[in-house]
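Report on one structure; see the data block that follows.
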Amino acid sequence: MNDAAEPRADEAPERKHFIEKIIDEDLAQGRNEGRVHTRFPPEPNGFLHIGHAKAICINFGLAEKYGGSCNLRFDDTNPTKEETRFVEAIQEDVRWLGFDWDDRLYYASGYFERLVELATSLIERGKAFVCDLSGEEMRAYRGSLTEPGRDSPFRDRPVEENLDLFRRMQAGEFEDGSRTLRARIDMSSPNLNLRDPVMYRIIRQEHHRTGDRWCIYPTYDWAHGQSDAIEGITHSLCSLEFENHRPLYDWYLDNLDLPARPRQIEFARLELTHTITSKRKLRQLVEEGHVEGWDDPRMPTLGGIRRRGVPAEAIRHFCEEIGVAKYNSTIDWAKFDFSTREVLNRTAERRMAVLDPVKVVITNYPEGQVEELEAINNPGDESAGTRILPFSREVWIERDDFREEAPRKFFRLVTGREVRLRYAYVIRCDEVIKDAAGEIVELRCTYDPESGGGKTSDGRKVKGIIHWVSAGHAVTSEVILYDHLFASPDPEEGDDYLAHLNPDSRQVVSARLEPALASASPGEVVQFERLGYFCNDPVRAADGAPAFHRTVGLRDTWGKIEKKGS
RNA sequence: AACCCGGUGGUGUAAUUGGCAACACAACUGGUUUUGGUCCAGUCAUUCGAGGUUCGAGUCCUCGCCGGGUUGCCA
């Protein structure tokens with residue numbers, strides 16, 4: 001055709017966020033030899049959650065976009081909190097999200113030797129000293145937000161003495177917490193981070209990688225920027241709360257002879273309505289049994305989200321959509337759901353399942369007869385093909401799809417009225433059978449044999465279409481319906497976030513599935529027509545007791561109409 | 001209270017750097033449809049406030065107001 005003939009005036013204008021603008025400028029100025037090199041630096045002290053996904057997408061995404069690379073670096077400077085199992089889980093999560101660090105897997109602990117050398121050079125230049133103040137004393141000397149601090153009495157120790165003491169700290173000659181190595185900056189700085197910050201503390205604790213090789217450990221501020229410089233990071237992206245640390249980050253770099261000059265840029269972390277991302281609180285939910293574990297499908301952890309059936313692509317799409325800025329914002333959970341549906345609508349095959357079954361007996365349908373109907377797997381993707389759906393005299397339909405009496409707007413089965421069974425026939429409800437308690441146990445219907453193939457022989461219109469499953473062929477399975485973990489959009493409001501827990505966040509039902517679902521593969525996500533997207537839980541599949549998790553419901557226009565009416 | 005950062009619809013993010021406030025989600029209308037799904041069309045903010053500079057201000061200046069961060073040997 002006439003490609004390239006016309007300029008694409010409608011081409012989407014490229015919207016760059018502020019970090020991309022900074023990178024563009026750095027590139028234009030010829031900084032960092034034109035390289036873009038980022039890193040994702042998790043501390044292995046817990047599982048990753050949706051908030052981390054944003055940081056991962058930004059760091060790996062930017063490297064990808066600019067033809068650079070992104071390192072995975074574990075920020076393991078505090079052995080009292082870190083464990084190997086987290087190192088492994090974090091790698092699994094990042095990989096699942098679709099990112100790759102090639103051979104660039106690093107650990108801050110891998111730089112401990114080098115960091116000691118750098119610290120030593122700082123001491124030699126009179127820019128660091130060993131301090132004997134206790135934690136409490138140091139706090140008193142630090143001053144406050146409004147008052148300047150006072151110099152430590154050990155601040156002017158001779159270089160030789162500092163060197164000797166620092167060596168002996170490493171050799172384990174002193175008690176835990178009895179001494180620290182501190183940078184010698186400015187006790188009167190309005191920025192508290194610059195008031196002679198601690199670089200090393202004495203902690204006798206086995207480290208998950210270095211074992212008992214060390215009894216001093218670097219602080220975050222001391223280790224982070226230097227690790228960045230060692231790796232040749234050009235843009236060190238972190239969250240807003242480190243903004244006040246940037247002057248310190250720069251001070252270390254300015255006072256050392258490092259080959260590279262990374263630049264710290266801060267952005268707002270991701271907050272979502274109806275959930276929390278505090279590691280401490282997530283742990284409490286697990287430990288107190290409010291959820292079934294770190295990978296409970298209601299958890300905002302990547303493990304939980306993955307188990308729930310949300311595709312990695314949806315998370316990447318979401319992170320792309322929410323943008324990057326410095327404003328502390330909270331994104332509506334509905335936006336996250338939208339991304340999930342956006343991906344699943346294209347990729348998930350359709351099936352039929354009845355979650356709250358009521359039996360329909362088609363009295364004029366021959367007993368023992370079974371028809372094999374063809375059903376489309378994905379109306380938006382012909383290549384997904386079709387499958388066979390058995391139809392017979394008795395079928396299950398959704399209890400909610402029947403009313404004895406109903407308003408005109410109710411396009412489903414009503415006593416004396418007609419509805420179409422999807423891919424099958426039009427049926428009319430003739431009789432409602434109830435038990436002693438008044439509960440409906442069966443609907444007696446008749447079908448129109450001429451109504452197959454979507455048409456009626458006399459051309460009459462039947463507006464409603466409902467899903468169904470042949471009773472004799474149905475597979476019974478547990479289906480778990482999830483809702484927001486927290487009923488309130490802002491669980492942090494008030495003094496007890498647990499009070500906002502949604503008591504109905506998990507509901508288990510016994511459902512009837514069409515036979516094709518028996519062969520769903522573990523982890524597969526399908527759409528139960530008219531209901532939502534459901535994931536065949538890989539854990540339960542392995543246990544031989546399959547269950548489907550509701551990943552997210554379909555947009556429910558009728559639900560809204562009905563709610564408004566009542 | 002000191003210092004740092006921020007403030008654009010219900011929610012987020014943009015605005016050629018001083019030139020008609022755009023995109024997405026949500027909500028609401030209507031259309032298509034063998035999923036009340038998808039899809040399509042439409043409606044929904046004069047940018048925290050007050051001054052100032054300018055032909056022209058979301059963008060620049062001044063003064064306020066509001067929100068977040070910081071007083072770990074956590075990250």
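So that the names make sense, note that chain A is the first sequence line, chain B the second, and so on, each numbered from 1.
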- What parts of residues 178-196 of chain A reach RNA chain B, counting only heavy atoms under 4.0 Å away? A/Thr180, A/Pro190, A/Leu192
- Item | Exercise: do A/Glu231 and A/Asn71 side chains pair donor with acceptor under 3.5 Å | yes
- Chi-based syn or anti call at B/rU16, which uses purine or pyrimidine torsion atoms and a 90° bound: anti
- Contact residues, residues 270-283 of chain A to RNA chain B [heavy atom, < 4.0 Å]: none
- Note on the structure: Those residues at least two apart in sequence (or on a different chain) that pass side-chain contact (heavy atoms from CB on, under 4.5 Å) with A/Pro489 are A/Thr273, A/His274
- Item | Any residue meeting ring-ring contact (aromatic ring centres under 6.0 Å, His included) with A/Tyr425, in chain and number order, not counting sequence neighbours | A/Phe391, A/Tyr447
- Note on the structure: Across all chains, not counting sequence neighbours, the ring-ring contact (aromatic ring centres under 6.0 Å, His included) partners of A/Tyr220 are A/His224, A/Phe242
- Query: Want to settle it: does A/Ile466 or A/Ser329 sit nearer the 5' end of RNA chain B, counting the closest nucleotide to each?
  - Reply: A/Ser329
- In terms of the angle between their ring planes, are A/Phe112 and A/Tyr217 parallel, tilted or perpendicular, with boundaries placed at 30° and 60°? perpendicular
- Task: Could you run through RNA chain B and flag its stems, i.e. three or more consecutive Watson-Crick or G-U pairs with both distances under 3.5 Å?
- Result: B:2-7 with B:65-70, B:10-13 with B:22-25, B:27-31 with B:39-43, B:48-52 with B:60-64
- Note on the structure: salt bridge (charged side-chain N to carboxylate O under 4.0 Å, His left out) filter on A/Glu206, not counting sequence neighbours, yields none
- Query: Say you draw a straight line from SG of A/Cys57 to CD1 of A/Ile315; how long is it, rounded to the nearest 0.5 Å?
  - Reply: 7.5 Å
- The glycosidic conformation of B/rG31, counting syn as within 90° of 0 and anti otherwise, is anti
- Task: List for me each residue that meets side-chain contact (heavy atoms from CB on, under 4.5 Å) alongside A/Ile465, sequence neighbours excluded, and say none if there are none.
- Result: A/Arg420, A/Arg422
- Item | Contacts of type side-chain contact (heavy atoms from CB on, under 4.5 Å), residue A/Glu147, not counting sequence neighbours | A/Ser144
- Task: With sequence neighbours excluded, tell me which residues meet side-chain contact (heavy atoms from CB on, under 4.5 Å) with A/Pro357.
- Result: A/Val354, A/Trp396, A/Arg512
- Going by the angle between their ring planes, with limits at 30° and 60°, are A/Trp333 and A/His484 parallel, tilted or perpendicular? perpendicular
- Query: Can you say whether the rings of A/Phe166 and A/Tyr200 are parallel (under 30°), tilted (30 to 60°) or perpendicular (over 60°)?
  - Reply: tilted
- Identify the 5'-most and 3'-most nucleotides of RNA chain B with at least one atom closer than 4.0 Å to a non-hydrogen atom of chain A. B/rA1 to B/rA75
- For A/Arg316, the side-chain hydrogen bond (donor to acceptor under 3.5 Å, both in side chains) test, sequence neighbours excluded, returns none
